[in-house]
Each structure stands twice: as C-alpha cells, then as structure tokens.
Amino acid sequence: MDMVRILYNNPSKCFSRKNGKNYTFSEATIMLDKKLETLGIKYQRQYGLLKGVINSDKKKSSKILKDDITDKELMEILVSKTIEVVLH
C-alpha cells in the first residue's frame, strides 16, 4: 500500500510518452487505476491457486496419517513443502 500511495501522489511521473513527455495527472491516474486493477486480478488468481494447493496438501497429509497414500502423492507433498520452505 505504501507504493500505491507514492504512485498516486504523483501519477504523471509514473508513465511517459515515447517522446519523453509525461502524461497529464488525470490521464496518468486512469492508467495507474487500470494497471493496479490488472495486478489485483492477477493476485486474486494466484491466491486462489495457492489456496487450492494448500487444501489439496491438507487432504494428502491426512492420508499420510492413515497410511493410505500413493508414492506419487507423497512426492507431490514433498515438492510442495520444499517450495514452501524456499519461498519463506
């Protein structure tokens, strides 16, 4: 949010035309709105995908406890946990 506040304080400096001149304040604000909306949609999709992976992992983890898991599922869990550790 700090970055967004900074961008909205002076949006005309965020974008420049091919000739090097800046857009007007209102033009740049509209462009910034569109860029942030696109980014928000991408983040929402990514969040949905991650949430699905986490739910899938929980189901597989419960299978481990019951000792009812295939080798493929076990490998998927190990890969997922490795990625989780690397990202954190």
Side-chain angles (χ1 to χ4, degrees):
M1 285 307 296
D2 291 337
M3 179 190 70
V4 172
R5 283 189 206 106
I6 291 169
L7 293 173
Y8 273 108
N9 281 336
N10 198 356
S12 58
K13 299 291 182 187
C14 297
F15 306 98
S16 60
R17 300 176 193 271
K18 290 181 182 177
N19 62 7
K21 294 184 180 180
N22 292 334
Y23 286 92
T24 65
F25 185 87
S26 61
E27 290 174 324
T29 302
I30 291 169
M31 291 173 68
L32 188 56
D33 287 342
K34 288 179 183 177
K35 293 280 185 188
L36 290 173
E37 182 179 352
T38 301
L39 184 62
I41 290 169
K42 288 179 180 179
Y43 279 149
Q44 188 63 35
R45 279 192 210 134
Q46 191 174 34
Y47 175 77
L49 291 171
L50 290 171
K51 193 173 175 183
V53 168
I54 290 169
N55 287 337
S56 175
D57 284 353
K58 283 181 184 177
K59 289 177 185 176
K60 290 174 187 172
S61 295
S62 68
K63 283 185 169 185
I64 290 174
L65 295 174
K66 296 176 187 173
D67 200 25
D68 183 29
I69 189 166
T70 65
D71 290 342
K72 181 181 177 188
E73 290 172 327
L74 184 59
M75 287 303 295
E76 288 173 354
I77 292 172
L78 291 173
V79 168
S80 175
K81 293 299 180 187
T82 302
I83 292 171
E84 183 180 322
V85 168
V86 169
L87 294 177
H88 286 101

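For reference, positions follow the sequence shown, starting with 1. Being a predicted model, the structure only gives us computed values, none of them experimental.
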**Student:** Could you measure the distance from the OG1 atom of T29 to the CG atom of L7? Nearest 0.5 Å is fine.
**Tutor:**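 Here the rounded value is 10.5 Å.
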**Student:** Is it the case that one hydrophobic cluster holds both Y23 and Y8, taking links as side-chain heavy atoms less than 4.5 Å apart, direct or via other members?
**Tutor:**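 Yes; tracing contacts between hydrophobic side chains, which count when under 4.5 Å, links both residues.
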**Student:** Rounded to the nearest 0.5 Å, what separates atom CE in M75 from atom OG1 in T70?
**Tutor:**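 It comes to 11.0 Å.
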**Student:** What is the distance from atom OG of S56 to atom CD of E76, rounded to the nearest 0.5 Å?
**Tutor:**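 Going from the OG atom of S56 to the CD atom of E76 covers 7.0 Å.
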**Student:** Heavy-atom count check: over 12 atoms from other residues, nucleotides or ligands less than 6.0 Å from R45 CZ?
**Tutor:**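 Incorrect, the count does not exceed 12.
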**Student:** In Å, rounded to the nearest 0.5 Å, how long is the span from CG of D33 to CD of E37?
**Tutor:**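 The CD atom of E37 is 8.5 Å from CG of D33, to the nearest 0.5 Å.
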**Student:** Can you give me the closest heavy-atom contact between P11 and F25, atom names plus distance?
**Tutor:**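 Scanning both residues, the minimum pair turns out to be CD-CE1, 3.3 Å.
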**Student:** If Ile, Leu, Val, Met, Phe, Trp and Tyr residues are connected whenever their side-chain heavy atoms lie under 4.5 Å apart, and connections chain through other members, are V4 and L32 in the same group?
**Tutor:**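 Yes; L32 is reachable from V4 via cluster members.
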**Student:** With a 4.5 Å limit on heavy-atom distance, are the side chains of I83 and V79 in contact?
**Tutor:**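 They are in side-chain contact.
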**Student:** Please report the interatomic distance CD1(I54) to NZ(K51), rounded to the nearest 0.5 Å.
**Tutor:**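 Rounded to the nearest 0.5 Å, the CD1-NZ separation comes to 9.5 Å.
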**Student:** Could you measure the distance from the CG atom of L39 to the NZ atom of K42? Nearest 0.5 Å is fine.
**Tutor:**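 With rounding to 0.5 Å, CG (L39) is 7.5 Å from NZ (K42).
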**Student:** Are more than 12 heavy atoms from other residues, nucleotides or ligands located less than 6.0 Å from atom CG of D71?
**Tutor:**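 No, not enclosed.
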**Student:** Are side-chain heavy atoms of K81 and I77 found at a separation under 4.5 Å?
**Tutor:**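 Counting from C-beta outward, K81 and I77 do come under 4.5 Å.
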